[in-house]
Protein chains: 2
Amino acid sequence: MDEFLATMKALSEKNRVRALMALRNGELCVCQMIELLGLAPSTVSSHMTILRRAGLVEIRRDGKWAYYRLNDGPLAACVLKVREIAFECLAADEQAREDARRLSSVREMPLEELCRHYKN
Amino acid sequence: MDEFLATMKALSEKNRVRALMALRNGELCVCQMIELLGLAPSTVSSHMTILRRAGLVEIRRDGKWAYYRLNDGPLAACVLKVREIAFECLAADEQAREDARRLSSVREMPLEELCRHYKN
DNA sequence: GCTACACTTCGGTAGATGGCGAAGTGAGTT
DNA sequence: AACTCACTTCGCCATCTACCGAAGTGTAGC
């Protein structure tokens with residue numbers, strides 16, 4: 001029950017859902033998600049922690065960078081199913097589409113440049 | 001997106017999930033859910049309103065009684081899928097099982113008696 | 001070692017949420 | 001009409017949550 005509730009809670013907040021949807025096309029660096037969501041680094045970080053604790057995403061650390069991606073390790077069947085349903089339900093969502101468009105630009109920018117950007 | 005978030009939010013609270021699960025075996029009067037959940041009538045009422053607005057359940061009024069049941073009218077495919085997943089995920093849940101046991105007793109009691117019970 | 005940098009954790013604030021009892025609503029009863 | 005009763009809505013309070021900036025952590029480079 002608690003695991004199920006944690007999954008639902010993780011997916012009941014708009015910016016977390018946007019972050020999850022953004023990972024469909026591959027892992028993203030935290031600074032890329034900061035740029036996408038337009039939130040403070042600390043806020044994005046805690047959102048990702050919630051998604052991670054729910055088992056929806058996993059982290060990969062590489063030097064000073066941290067990349068998040070969809071958890072494809074051994075995860076509860078329920079979490080996997082809920083995640084799939086979310087993708088299905090929001091496939092045509094306008095916000096998700098716009099994020100996908102912006103992401104294709106964001107992915108082309110060097111990470112260093114992105115980080116300088118939100119420091120201003 | 002907003003509809004999806006409303007569905008997730010509705011299912012991210014323990015007592016609401018318990019209420020939804022309780023309706024799997026047929027409609028229940030509000031007073032039966034008050035007895036099951038052990039909450040104040042006003043609290044149960046607002047939980048049911050949230051479930052109803054999310055499209056997960058519907059209401060049937062009969063005189064002074066109000067019965068809630070799973071919404072089997074025309075409802076968004078997403079809501080239906082999420083609800084099915086919830087049932088599947090929680091089929092073996094201990095809390096849900098205990099509620100089901102208690103419910104079989106509660107269903108046998110006359111509604112009048114139940115209402116007198118929580119008025120004390 | 002020291003600095004710079006990316007990210008996380010902490011502390012605090014404004015707004016949302018779950019809880020209850022009191023008051024309101026509407027149907028049945030006398 | 002007046003009353004009763006089941007339920008809902010309202011008003012309030014305690015707790016939780018999303019947000020930010022500041023401080024902390026760990027890595028890379030000088």
Side-chain angles (χ1 to χ4, degrees), chain A residues 2 5-6 8-20 27-54 57-69 106 109-120, chain B residues 2 5-6 8-20 27-54 57-69 106 109-120:
Chain A
D2 288 344
L5 292 174
M8 292 292 129
K9 217 173 267 278
L11 295 179
S12 68
E13 207 280 327
K14 188 165 189 169
N15 290 319
R16 282 197 293 269
V17 173
R18 290 175 65 195
L20 186 75
E27 69 179 12
L28 287 170
C29 180
V30 173
C31 61
Q32 294 174 305
M33 289 192 283
I34 290 167
E35 178 69 17
L36 177 71
L37 299 176
L39 295 172
S42 58
T43 305
V44 172
S45 183
S46 45
H47 278 318
M48 297 315 295
T49 300
I50 291 170
L51 287 171
R52 190 162 53 79
R53 281 211 252 261
V57 306
E58 59 187 346
I59 193 172
R60 178 177 73 85
R61 294 187 191 278
D62 180 18
K64 61 182 179 177
W65 309 96
Y67 296 87
Y68 283 92
R69 60 184 171 197
V106 170
M109 296 168 70
L111 299 184
E112 329 287 24
E113 193 181 327
L114 275 177
C115 292
R116 270 196 303 278
H117 180 240
Y118 65 75
K119 285 262 163 80
N120 296 339
Chain B
D2 288 343
L5 293 174
M8 292 293 130
K9 214 171 269 275
L11 295 178
S12 68
E13 207 280 327
K14 187 166 189 169
N15 290 319
R16 282 196 294 269
V17 173
R18 288 175 66 195
L20 186 75
E27 68 179 12
L28 287 171
C29 180
V30 173
C31 62
Q32 294 175 307
M33 288 193 283
I34 290 167
E35 178 70 18
L36 177 71
L37 299 176
L39 295 172
S42 58
T43 305
V44 172
S45 182
S46 47
H47 278 319
M48 297 315 295
T49 299
I50 290 170
L51 287 172
R52 192 162 52 80
R53 281 211 251 262
V57 307
E58 59 187 345
I59 193 172
R60 177 176 74 85
R61 293 189 192 279
D62 181 17
K64 62 181 179 177
W65 310 96
Y67 297 87
Y68 284 92
R69 61 184 169 197
V106 169
M109 297 169 69
L111 299 183
E112 326 286 17
E113 192 181 329
L114 275 176
C115 292
R116 270 195 304 277
H117 180 241
Y118 66 73
K119 285 264 164 80
N120 297 340

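In the text below, chain A, chain B and the rest are named by the order of the sequence lines, each starting its count at 1.
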Return whichever of B/Gly63 or A/Ile59 has its heavy-atom-nearest nucleotide of DNA chain C closer to the 5' end. A/Ile59

Rounded to whole Å, CD1 of B/Ile50 lies from C1' of C/dG18 at a distance of 9 Å

Is the shortest side-chain N/O distance from A/Arg16 to OP1 or OP2 of D/dA18 below 4.0 Å? yes

Taking OP1 and OP2 of D/dA6, is either one under 4.0 Å from a side-chain nitrogen or oxygen of B/Tyr68? no

C/dC5 C1' sits how many Å from A/Glu113 CD, rounded? 16 Å

Test your reading of the model: is there a side-chain donor-acceptor pair from B/Arg16 to the backbone of B/Ala10, 3.5 Å cut-off? yes

Do A/Tyr68 and A/Leu28 pass the side chain to side chain contact (heavy atoms under 4.5 Å, CB included) test, and can you show the C-alpha distance, the side-chain angles, and the key distance before you say yes or no? CA-CA 6 Å; A/Tyr68 283 92; A/Leu28 287 170; over 6 Å; no

Evaluate whether atom CZ of B/Arg53 has more than 12 neighbouring non-hydrogen atoms of other residues, nucleotides or ligands under 6.0 angstrom away. no

B/His47 vs C/dT17: side-chain N/O to OP1/OP2 distance below 4.0 Å: no

What's the closest nucleotide to the side chain of A/Cys31 if the choices are D/dC7, C/dC7, C/dG21? C/dC7

Earlier contact from the 5' end, DNA chain D, for A/Leu39 and B/Gln32: B/Gln32

Among D/dA6, C/dT9, C/dA6, the nucleotide that comes nearest once only the side chain of A/Lys64 is considered: C/dA6

Check the distance between D/dC19's C1' and A/Glu13's CD and give it to me in whole angstrom. 10 Å

Does the C/dG18 base have a donor-acceptor partner in the side chain of B/Thr43 within less than 3.5 Å? no

Write down the distance between CZ (B/Arg52) and P (D/dT8), rounded to a whole number of angstrom. 8 Å

In whole Å, what is the span from the CD1 atom of B/Ile34 to the C1' atom of D/dC5? 12 Å

Separation of C/dA27 P from B/Asp62 CG (nearest whole Å): 12 Å

Where the side chain of A/Pro41 is defined as all heavy atoms beyond and including C-beta, which of D/dC7, C/dT8, C/dG19 is the nearest nucleotide? C/dT8

Between the side chain of A/Ser12 and the main-chain N/O of A/Lys9, is any donor-acceptor distance below 3.5 Å? yes

Tell me the interatomic distance from A/Arg61, atom CZ, to D/dT27, atom C1', rounded to whole angstroms. 11 Å

For C/dT17, does either OP1 or OP2 sit under 4.0 Å from a side-chain N or O belonging to B/Lys9? yes

Are A/Glu58 and A/Arg69 within salt-bridge range, i.e. N to O under 4.0 Å? yes

Expressed in angstrom and rounded to an integer, what is the separation of A/His117 atom NE2 from C/dC5 atom P? 17 Å

Which nucleotide wins on minimum distance to the side chain of A/Cys29, given the candidates D/dC7, C/dT9, C/dC7? C/dC7

Among D/dC7, D/dC20, C/dC7, which nucleotide has an atom closest to any side-chain atom of A/Ala40? D/dC20

